[in-house]
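Inspection log for the structure reproduced underneath, given as structure tokens.
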Amino acid sequence: MLGRLTQGELKIAGRRREQLLFLMDNGIYVVTVLLFIVFVFLAPYFFTPRNLVNILISASLAGIVTAGYTVAILAGQIDTSTQGVLAVATVTTALLFEELGFSLPMTVIFALLAGIAAGLFNGVIVVNGKIVAFVATLATQGVMLAIALFLSGGQTITIAREGLQEAVFIRVFGIPSSVWIMFFCYIVGYVLLTQTKLGAHIYATGADYRASLLSGVPVDRVIRIALVISALTAALTAVLVTARAKQSAMFGLAIAGSVDFVTALTAVLLGGFSLFGGVGRIERNLVAVLFLTILGNGLQLMNVPTGIILIVRGFALVLAVILSVLRARMT
Amino acid sequence: MASDEVILETIDLDKSFGAVHAVRTVSWKVYAGSVNALVGDNGAGKSTLIKLISGALQPNGGGFRVRGQETRIGGPAGAFGLGIAAVYQDLALVENRDVVMNMFLGSELTRGPGQIFLDHKGMLRQAHQVLDDIHARIPNVREMVRNLSGGQRQAVAVGRALIRGGEIIIMDEPTAALGVEQTQEVLQLIDTLRSQGKTIILISHNIQQVFEIADFISVMFHGELLGTRPREKATEAEVVAMIMGKRSP
Ligand SMILES: Nc1ncnc2c1ncn2[C@@H]1O[C@H](COP(=O)(O)OP(=O)(O)OP(=O)(O)O)[C@@H](O)[C@H]1O
Ligand SMILES: [Mg+2]
């Protein structure tokens with residue numbers, strides 16, 4: 001069809017296309033604000049300080065894991081091992097803190113190291129094994145889940161020792177630390193992606209691997225780093241989830257509410273990212289996470305049955321996928 | 001500015017892809033400050049030869065002499081180090097990045113501790129300057145490359161080569177996909193580069209165009225280099241015959 005347009009018309013089409021893209025990319029801001037306003041009127045207790053803080057806490061857990069996930073997506077790597085990393089890191093946290101009596105800082109450091117190790121493992125399979133991340137990380141996730149199962153003996157480890165939850169959820173200016181950590185992650189992510197050389201390489205590698213390679217971008221190293229960042233934020237989330245639940249949350253990811261691969265994926269797609277990499281802005285992602293959290297929270301307060309909420313969230317993913325495909329066709 | 005000073009030389013360069021012998025013991029001289037055209041039929045081995053020179057491929061045999069020094073070209077980065085920069089047939093531009101980021105891709109200007117931060121201002125300034133130098137018409141350097149015309153893309157790719165410190169600029173069929181006006185723009189660009197003392201390696205299928213712009217014309221046939229002629233001593237008929245495999249005396 002485009003072939004039949006003359007060159008002049010193509011330019012107009014190009015401008016319209018850019019406008020439409022702008023709308024698709026930034027619509028998430030408008031939709032989120034609208035949703036918020038709707039719930040203020042429809043959902044009882046929604047607009048109370050207590051509930052708003054609750055929303056922020058839930059959003060923080062999903063938000064942190066999504067921040068790293070975004071970096072991987074931008075580098076063109078769909079990292080499906082999030083659940084696996086969460087499992088390894090939650091078990092590590094609970095084991096070290098509860099059963100081996102590690103200090104809080106050491107526990108956190110080792111849980112994060114477990115995340116880094118998982119990310120490096122993903123990197124080896126993707127880069128050295130030359131296997132598409134989507135498939136490779138599905139496989140490594142199986143290994144990680146098995147390791148977590150082995151370490152925990154298949155049991156949920158309950159944390160009786162004081163200090164973990166209290167420390168991790170200290171309130172600063174009335175807002176729990178996990179929320180501050182989330183904002184910190186997004187600020188670091190924003191600076192990394194827009195202001196650093198590594199960020200430019202992450203975008204370029206995701207947008208066009210071959211062109212980047214020919215231009216001298218160290219593409220393989222970039223992919224490794226992106227996968228480590230993704231796993232690292234998953235591990236950080238695991239520490240917070242474990243602290244919040246006071247137990248290893250391996251089989252109880254439901255405890256964490258919305259911390260999972262699907263939410264991260266939905267948020268990333270709603271945020272206007274391309275599944276093929278190289279396109280998207282991390283700040284939109286934060287908004288998309290808030291959108292999904294507000295949606296779940298508001299519906300819950302309106303006493304909508306959980307099953308229906310899950311269906312709505314499912315549709316949100318379907319919509320996000322459609323948007324993403326439309327976007328990909330347009331560019 | 002055409003000279004007979006040899007800036008780059010391949011020595012018995014050889015490359016096979018399995019059973020396909022794409023480049024056969026090619027010894028080729030590239031002249032400084034000149035437009036060195038490389039012509040030949042489809043599959044003659046032109047792209048393969050220049051990929052060996054730009055470090056995108058590694059030879060199975062033979063070597064290089066650059067500015068009189070024997071050397072190997074380990075990869076694209078090694079080639080940049082020697083002042084060799086290729087503008088590939090598909091330009092190797094990243095569609096979803098803007099002009100500036102494309103021009104600096106892989107050689108970003110940096111600042112701050114550990115040189116990890118991008119020097120956005122510096123890159124913007126230098127991008128404008130380089131594009132001005134080659135008289136490129138690109139109104140907005142923050143435009144995504146996907147919205148540029150073919151001629152503009154060519155300018156961006158050449159700009160990138162110059163930013164890399166490219167002294168020897170390789171262009172693989174730069175006008176193949178372009179209309180009349182944009183082709184003229186690219187030829188002008190090549191002329192500008194030559195007048196600034198750059199060495200250009202130009203692959204083209206358009207014999208007329210080659211005679212219009214080249215100083216030296218080299219012909220490949222079935223992986224072999226059949227010969228090099230200064231333009232003023234060559235005739236179109238002779239070159240066409242060579243392209244079809246007729247060895248000249
Ligand atoms: N990566 C590769 N793997 C296998 N064979 C290849 C590869 N690249 C090139 N060839 C083969 O090597 C030969 C020379 O190809 P090359 O691309 O160098 O030709 P060319 O002169 O640039 O042709 P054209 O004018 O069509 O661009 C061809 O037979 C081609 O099929
Ligand atoms: Mg070719």
Interatomic distance, B/R97 atom CZ to A/D208 atom CG [nearest 0.5 angstrom]: 12.0 Å
B/F64 atom CZ, neighbour heavy-atom count above 12 within 6.0 Å: yes
Selection from B/A92, B/S54, B/A85 maximising heavy-atom pairs under 4.5 Å formed with chain A: B/A92
Spacing of CG belonging to B/D119 relative to NZ belonging to A/K197, to within rounding of 0.5 Å: 12.0 Å
More than 12 heavy atoms of other groups within 6.0 Å of A/Y29 OH: yes
Heavy-atom neighbours of A/R221 CZ exceed 12 at 6.0 Å: no
Side chains of B/L105 and A/V217 in contact at under 4.5 Å (non-hydrogen atoms): yes
Distance, nearest 0.5 Å, that separates CZ of B/F117 from CG of A/L198: 11.0 Å
Interatomic spacing from OG1 in A/T196 to CD in B/Q115 - rounded to 0.5 Å: 12.5 Å
B/F80 versus A/L214, closest heavy-atom pair with distance: CZ-O, 4.0 Å
Residue pair A/Y203 / B/V94, side-chain heavy-atom distance below 4.5 Å: no
Under 3.5 Å donor-acceptor, B/R164 side chain and A/S215 backbone: yes
Side chain proximity check, A/Q195 to B/L118, heavy atoms < 4.5 angstrom: no
Other residues, nucleotides, ligands: >12 heavy atoms within 6.0 Å of A/F22 CZ: no
Side-chain polar contacts of residues 42-50 of chain B - donor-acceptor pairs under 3.5 angstrom, sequence neighbours left out - could you list them?
residue: B/K46; atom: NZ; partner: B/G40; partner atom: O; Å: 2.9
residue: B/K46; atom: NZ; partner: B/D41; partner atom: O; Å: 3.1
residue: B/S47; atom: OG; partner: B/Q89; partner atom: OE1; Å: 3.4
residue: B/S47; atom: OG; partner: B/D172; partner atom: OD2; Å: 2.8

Partner chain B: residue of A/A207, A/G216, A/G278, A/A200 with the largest heavy-atom pair count (under 4.5 Å): A/A200
